[in-house]
Amino acid sequence: MNPRLRTIPRQQAAPLRGAGTFTPDALTVGARHLEVGGEHVASFAIVGYPREVHPGWLQPLLTYPGRVDVSLHIDPVDPVTAAQRLKRQLAKLESGRRHTHDKGQLLDPQVEAATEDAYDLAARLARGEGKLYRLGLYLTVHASTQQTLLSEVAAVRALAASLLMDAKPTTYRSVQGWVSCLPMGLDLIGLRRTFDTSALAASFPFTSPDLSPPDPSSGAAPGGVLYGFTIGSPGLVHHDRFALDNHNSVVLGRSGSGKSYLLKLELLRSLYRGVEIAVIDPEDEYTRLSAAVGGTCIRLGAAGVRLNPLDLPIHTRPDGRRSAPRDALIRRSLFLHTVVAVLIGEELTAPQRAALDRAITTTYQRAGITADPRTWSRPAPLLADLTTVLAHGEDPTGVALTARLHPFTAGAFSGLFTGPTSTRPEGHLIVFSLRDLPEELKPIGTLLVLDAVWRRVTNPAIRRPRLVVVDEAWLLLQQPAGSQFLYRMAKAARKHWAGLTVATQDTADVLSTDLGKAVVANAATHILLRQAPQAMDDITHAFNLSQGERQFLLSADRGQGLLSTGTQRVAFHATASPTENFLITTDPAELASYSDDPSYRGDSFVDLGIDTTNTVEELTEDTTDQIELDAV
């Protein structure tokens with residue numbers, strides 16, 4: 001045995017002033033380190049501090065990738081004693097200054113700075129603006145082997161030096177240094193430094209750039225969706241929207257900041273968890289992703305793609321039986337009033353509503369659909385059938401409505417309504433692409449899509465969490481029906497175990513309207529990406545950003561942002577695996593490189609030499625190896 005090491009049995013180590021609870025079976029004590037069981041530890045005392053500090057300046061010690069215990073021992077100093085000691089210190093400093101001046105020597109800059117600080121501190125104490133405290137700061141470094149401990153000690157001392165702190169090893173007092181870092185409130189080293197109130201408040205290390213888990217005491221693997229890496233620490237950002245009081249999310253960022261990329265990354269990883277997702281895609285950016293994961297893509301405006309507004313909301317239960325709300329026929333009749341009003345571009349008058357209501361009832365009856373729910377499973381009539389009833393009625397108001405609806409039943413815009421619904425909006429991922437819709441059909445197409453999404457969300461037969469993603473929401477906000485849908489979803493989605501995700505680049509438009517403010521206020525999760533300087537003032541005021549957060553959002557790189565959940569905020573960088581990146585990227589240069597590859601076949605997923613299973617585990621490696629992910 002090394003003569004400089006000695007082993008203390010547990011029976012002898014326990015009397016160390018209450019340390020018995022934390023003492024292992026044996027301690028191997030060295031001059032500068034301990035072997036605690038099978039672990040090697042070394043302790044340090046901080047004896048030198050920087051002259052000025054900022055809030056959270058000890059944070060780098062907490063985010064160090066290795067295991068480092070940080071212990072602060074604080075004792076208040078009696079005000080009378082503090083005044084007397086400060087008075088004596090000022091007398092010493094002034095005496096030294098006068099002696100230097102009388103001898104004609106140059107003034108010591110350090111003495112001058114200390115004198116100014118002492119006078120400033122004395123003035124603040126006299127006004128009652130602060131108190132004095134004695135603070136001891138100790139560090140304990142842990143490692144599995146002695147060789148690893150040496151490298152960890154060197155790294156921690158270098159980190160302390162970068163913070164302008166002088167870390168001295170507790171030579172021949174290694175046991176006392178280790179005990180001082182245990183959560184027992186014992187300071188066996190006694191190396192203290194006087195701090196005032198503001199400096200002590202800035203020294204509290206209980207801050208971290210990581211997002212704290214809902215239950216810090218739980219040892220379970222983090223839940224939710226993996227967003228990426230934390231900026232400022234080696235941690236990962238896991239966030240579970242369905243664990244909050246509401247499941248809505250708002251994503252704000254300028255064009256090119258990575259909003260759609262982040263949305264598709266969250267979408268893909270939410271599918272791993274069994275979340276059903278519906279996407280309203282104005283720019284047709286989700287087609288490749290939908291094809292890869294076996295989703296349903298409905299591209300309105302494309303040839304042969306139709307949505308019948310007269311379809312009744314029939315729900316299929318898990319046992320295969322079909323059901324519908326008791327008032328399904330009445331609600332569908334009222335919805336058709338809104339459809340016709342959007343088609344003709346104005347509100348319906350009372351005579352028009354009366355004529356239309358009679359025609360709707362007759363149209364359903366001719367199709368064999370009555371108030372009896374057993375008839376609701378029959379094929380629904382078409383918009384052309386409704387106009388036929390209006391045209392052959394005796395009411396001239398109905399005939400006039402027929403003429404105004406002609407372009408949508410037999411004219412240039414009839415492609416969307418000429419037949420029954422071509423693709424049922426069902427599945428684990430439903431994408432509604434609106435890019436191919438003509439401008440004249442955008443209002444009615446948006447209305448039909450929102451109706452289909454709302455019917456899916458309110459389907460009681462679906463017993464799993466759901467998300468509704470609205471990308472480029474500023475386009476939807478231009479439609480009155482879209483604005484009302486966002487407002488209703490933001491208010492009521494939580495009741496149906498659903499969450500709304502709204503992403504837009506027109507931040508000012510969202511924050512300047514009552515509707516936009518309501519959507520933001522009813523979202524428990526806010527994600528802010530890079531912002532334009534022109535919108536930064538509104539963002540700062542709306543989300544109460546600090547100066548540092550404001551500067552971060554102005555200079556953030558693509559994919560970097562600020563995730564805010566109530567009182568917690570974390571800066572993160574969204575990161576995707578190669579397979580995920582292939583599915584979600586919209587970078588033209590990157591897509592062009594894929595199209596040059598001979599194995600690339602349009603929108604279908606192809607093997608580019610990348611493992612397609614457990615893609616998130618490729619990113620998280622051993623950190624999230626307890627999360628079970630399905631294959632893409």
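- Between F432 and P425 the shortest heavy-atom distance is CZ-CB, 3.7 Å.
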What verdict does the side-chain contact (heavy atoms from CB on, under 4.5 Å) test give for I360 and L386, after you've listed the backbone C-alpha separation in whole Å, the side-chain angles of each residue and the deciding distance to 0.1 Å?
CA-CA 6 Å; I360 291 172; L386 177 61; 3.9 Å; yes

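- Across A574 and L265, no two heavy atoms sit closer than the pair CB-CD2, 4.3 Å.
- Taking the ring centroids of F229 and H573, they lie at or beyond the 6.0 Å cut-off.
- L336 CG to R331 CZ: the interatomic distance, rounded to the nearest 0.5 Å, is 14.0 Å.
- Across all non-hydrogen atoms, the minimal contact from A498 to H247 is O-CD2, 3.4 Å.
- Atom CG of residue L486 and atom CG of residue N248 lie 10.5 Å apart, to the nearest 0.5 angstrom.
- Heavy atoms only, all atoms of each residue included: L416 and G445 are closest at CD2-CA, 4.5 Å.
- Side-chain atoms of Y261 and N581 include a donor-acceptor pair closer than 3.5 Å.
- Under the 3.5 Å distance criterion, the side-chain polar atoms of R435 are left unmatched by any main-chain donor or acceptor of E285.
- Shortest non-hydrogen contact noted between L563 and T525 is CD1-CG2, 3.6 Å.
- In this structure, CG in L262 is found 9.5 Å from OG1 in T501, a value given to the nearest 0.5 Å.
- Side chain of N308 to backbone of L382: no donor-acceptor contact under 3.5 angstrom is found.
- R273 has its side chain within reach of D240: a pair of non-hydrogen atoms, C-beta onward, lies under 4.5 Å apart.
- By the 4.5 Å heavy-atom criterion applied to side chains, R254 and K259 are not counted as neighbours.
- Checking S433 against D284 by side-chain atom types alone, a donor-acceptor pair falls below 3.5 Å.
- Between the side chain of Y286 and the main chain of C297, no donor-acceptor pair closer than 3.5 Å is present.
- With sequence neighbours left out, the ring pair (Phe, Tyr, Trp, His ring centres under 6.0 Å) criterion links F335 to no other residue.
- Using the six-membered ring where Trp is involved, H239 and Y227 have ring planes that are tilted, between 30° and 60° apart.
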side-chain contact (heavy atoms from CB on, under 4.5 Å) for R299 and T287? Distances and angles first, verdict last.
CA-CA 9 Å; R299 306 177 72 169; T287 302; 4.2 Å; yes

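- A donor-acceptor pair under 3.5 Å is absent between the side-chain atoms of R530 and the main chain of G258, judged by distance alone.
- For D471 and S260, the side-chain atoms include at least one donor-acceptor pair closer than 3.5 Å.
- Sorted by first and then second residue, the pairs that involve residues 435-463 and meet ring-ring contact (aromatic ring centres under 6.0 Å, His included), not counting sequence neighbours, are W454-H496.
- Without hydrogens or angle criteria, D385 side chain to T363 main chain gives no donor-acceptor distance under 3.5 Å.
- With a 4.5 Å cut-off on side-chain heavy atoms, L500 and R488 do not count as touching.
- Across V431 and S290, no two heavy atoms sit closer than the pair CG2-CB, 3.9 Å.
- Among residues two or more places apart in sequence or in another chain, the side chain to side chain contact (heavy atoms under 4.5 Å, CB included) test is passed with E440 by F413, P438.
- Using a 4.5 Å heavy-atom threshold, the side chains of F417 and L448 count as touching.
- Look at D311 and R455 and you find no salt bridge, because none of the NZ, NE, NH1 or NH2 atoms lies under 4.0 Å from a carboxylate O.
- The line from CG of L329 to CG of L312 is 6.0 Å long, rounded to the nearest 0.5 Å.
- The side chain to side chain donor-acceptor pair (under 3.5 Å) test with T540 singles out one residue from R550, Q531, E549, and that residue is R550.
- If you run side-chain contact (heavy atoms from CB on, under 4.5 Å) between L61 and each of V70, D69, V68, only V70 comes through.
- Electrostatic pairing of D281 and K264 does not count as a salt bridge here, judged by no charged N lying under 4.0 Å from a carboxylate O.
- If you check the side chains of E580 and S577, you find a donor sitting under 3.5 Å from an acceptor.
- The closest donor-acceptor contact from the side chain of R378 to the backbone of G368 lies under 3.5 Å.
- Ionic pairing of D451 and R332 is present here: one or more N-O contacts between side-chain nitrogen and carboxylate oxygen are shorter than 4.0 angstrom.
- Side-chain N or O atoms of Q568 include none that pairs as donor or acceptor with a backbone N or O of T565 at under 3.5 Å.
- Checked by atom type and distance alone, the side chain of T375 pairs as donor or acceptor with a backbone atom of T370 at under 3.5 Å.
- In this structure, L545 CG and L562 CG are separated by 7.0 Å, a value rounded to the nearest 0.5 Å.
- Here the rule is side-chain contact (heavy atoms from CB on, under 4.5 Å) with S422, and of V305, I298, L307 only V305 fits it.
- Counting heavy-atom neighbours within 6.0 Å of R464 CZ, excluding the residue itself, gives a total above 12.
- When side chains are defined from C-beta on, I280 counts as touching L450, because their heavy atoms get closer than 4.5 Å.
- Atom CG of L554 sits in a crowded spot, with more than 12 heavy atoms from other residues, nucleotides or ligands closer than 6.0 Å.
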Could you go through the side-chain contact (heavy atoms from CB on, under 4.5 Å) check for F242 and L467 one step at a time?
CA-CA 10 Å; F242 292 95; L467 287 179; 3.8 Å; yes

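- At least one donor-acceptor pair under 3.5 Å links the side chain of R269 to the backbone N or O of L226.
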Test log, rule side-chain contact (heavy atoms from CB on, under 4.5 Å), inputs F485 and T446:
CA-CA 10 Å; F485 169 80; T446 302; over 6 Å; no

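- The CG atom of L252 sits 8.5 Å away from atom CG of L529, with the distance rounded to the nearest 0.5 Å.
- The side-chain heavy atoms of V520 and F543, taken from C-beta on, include a pair separated by under 4.5 Å.
- In this structure, a donor-acceptor pair under 3.5 Å is absent between the side chains of R241 and S270.
- Between the T296 side chain and the I430 main chain, no donor and acceptor come within less than 3.5 Å of each other.
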